[in-house]
Amino acid sequence: MFSTEDTIVAIATPPGRGGIGIVRISGPRAADLAARLTTHQGAFEPRHATLTVVRRGDGRADRDCGPIDQAIVTFFPAPHSYTGEDVVELSTHGSPVILQTIVQSAVRAGARMARPGEFTFRAFLNGRIDLPQAEAVADLIESVTPRQAAVAFDQLQGTLTRAIGEIDADLFDLIARLEASVDFPDEGYHFVRPGVLQSALTSVNTRLEALLAAGQQGRVIREGRVVAIVGGPNVGKSSLFNALVGSSRAIVTAVPGTTRDLVTETVDLHGVRVTLVDTAGVRATIDVVEAEGVNRSLGAASVADLIVVVRDGTSVEEPPVMAGLPALHVANKCDRSEFVERPDVLSVSALTGEGLGEFRHAVAERLGATFSVECPQVTNIRHIALLESARASIHAANEALAGAGGALSEEFVLADLQRAMAALEEITGRRTTEDVLQHVFERFCIGK
Ligand SMILES: Nc1nc2c(ncn2[C@@H]2O[C@H](COP(=O)(O)OP(=O)(O)OP(=O)(O)O)[C@@H](O)[C@H]2O)c(=O)[nH]1
Ligand SMILES: [Mg+2]
């Protein structure tokens, strides 16, 4: 998918201007290129920040090689670098012009533009990190809440890999002993007693279940959730939306039917990235624009992970019925004297902020996000699918074991255990296909 022999270059900092911009070069010619691109004399001292001047061109006398900026150059010799290869990082002022000139000069001098994720891919190929860690790098960069970042960093530290590695090692041991039994049936000797096998399978299953249970919560953190605010007109949906977002994002007026379109904004709710959707008040209307707004409200409600059904607590008007949808009921305008509290309905005031703390907590709870962080959190849908497949194979092994005794069942159990191990090794990347790698690395940004 990527060639790995050549030297690659990319801007590692985000597009646009900034105090500092970094160009990263990795591959066998990294040090040579750094020498050509700068005025520095002699070799760069490994792992030392060296102040020098970057110049245009590739250092050849027949080309324009004028200076373009000061740079701090750091040389990380293989294998102690991000990619495991020789790496050079040039930090300059964060001007796209300077950074692009450096990249062009490097390409002219023989480097190739790196593709998205290619530095991390090389780190994976060179055994610096495994596949879940590479995936964690992308998650960490993409994280938008501190909780997401914490979970991604945890995975980057290898906690998931370790948990899976332990299960993998147990399976490996069982498989080796079962293979011995199958290979030497005539000895009349079973290398693993059924009771031992049974309890080993139970132990593996328990650990897979725990990882999968954490996966339910992990996905909420990683992917975020959609919450739609629905209700009758003028009950204060947009006011509540604005209070949660912390700005006057949606129009609020005393006129019923103000909101006509869906208004969305992302907020951090107890560490969960929640996409809030404000909707048009649901009522029968002959106004075609409002009617379309109502249609969209119903559409948004039907795809949301949770709907917040708002009513005006000062009115007897009942909110629209949203049958079959996961709903949290709130009564708004509790600051007013006419407000009537209702059982099982949270009292809030979008105007004064009263009750909003409890409301936020209730939403997070309903989304399954108020748990303590227990490691490792499985957040990736690829990991979850493979853990499920491993669990299915362990179940099959259990059934084969229960079904019959003797050499025949041993062979079945063996095949199931091998399948379970293959699934786990696909998670860590010990065993993967080109497709999987492509899928994992295409998510990355360039320069990572
Ligand atoms: N006293 C009081 N007034 C509120 C509160 N929340 C909203 N209002 C008022 O109620 C009116 C309607 O508020 P909106 O937020 O526009 O209501 P909405 O549900 O979005 O209305 P539509 O978009 O028309 O369906 C406005 O005059 C708000 O100022 C509240 O908590 N207390
Ligand atoms: Mg509104």
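Note: hydrogens, waters and symmetry copies are ignored here, and every other heavy atom, side chains too, is used. Start at 1 and go down the list; that is how both ligands and their atoms are numbered. Bear in mind the structure is a predicted one, so any value in this text is a computation, not a measurement.
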Engineer: Is the shortest distance from a Lys or Arg side-chain nitrogen in Arg260 or Asp287 to a carboxylate oxygen in the other one below 4.0 Å?
Structural biologist: yes
Engineer: Taking the six-membered ring of Tyr82 (Phe, Tyr or Trp), confirm whether the NZ or CZ of Lys448 is under 6.0 Å from its centre and within 45° of its axis.
Structural biologist: yes
Engineer: Would a distance-only check, ignoring hydrogens and angles, find a side-chain to backbone donor-acceptor pair under 3.5 Å from Arg56 to Leu37?
Structural biologist: no
Engineer: Tell me the salt bridge (Lys or Arg N to Asp or Glu O under 4.0 Å) pairs involving residues 6-29, sequence neighbours left out?
Structural biologist: Asp6-Arg112, Asp6-Arg122, Arg24-Glu89, Arg29-Asp32
Engineer: Mark yes or no for whether Asn332, through its side chain, and Ala350, through its backbone, hold a donor-acceptor pair below 3.5 Å.
Structural biologist: yes
Engineer: Say you draw a straight line from CG of Asp278 to OG of Ser238; how long is it, rounded to the nearest 0.5 Å?
Structural biologist: 3.5 Å
Engineer: List, ordered by chain and residue number, the protein residues whose closest non-hydrogen atom lies under 4.0 Å from any atom of ligand 1.
Structural biologist: Pro233, Asn234, Val235, Gly236, Lys237, Ser238, Ser239, Val252, Thr253, Ala254, Val255, Pro256, Gly257, Thr258, Thr259, Gly281, Asn332, Lys333, Asp335, Arg336, Ser349, Ala350, Leu351
Engineer: State which residues pass side chain to side chain donor-acceptor pair (under 3.5 Å) with Arg162; sequence neighbours excluded, sorted by chain then number.
Structural biologist: none
Engineer: So, applying side chain to side chain contact (heavy atoms under 4.5 Å, CB included) with His383, which one of Glu426, Glu135, Glu388 is it?
Structural biologist: Glu135
Engineer: Is Arg296 salt-bridged to Asp261, going by a charged N under 4.0 Å from an acidic O?
Structural biologist: yes
Engineer: What is the number of protein N/O/S atoms located under 2.8 Å from the Mg ion (ligand 2)?
Structural biologist: 2
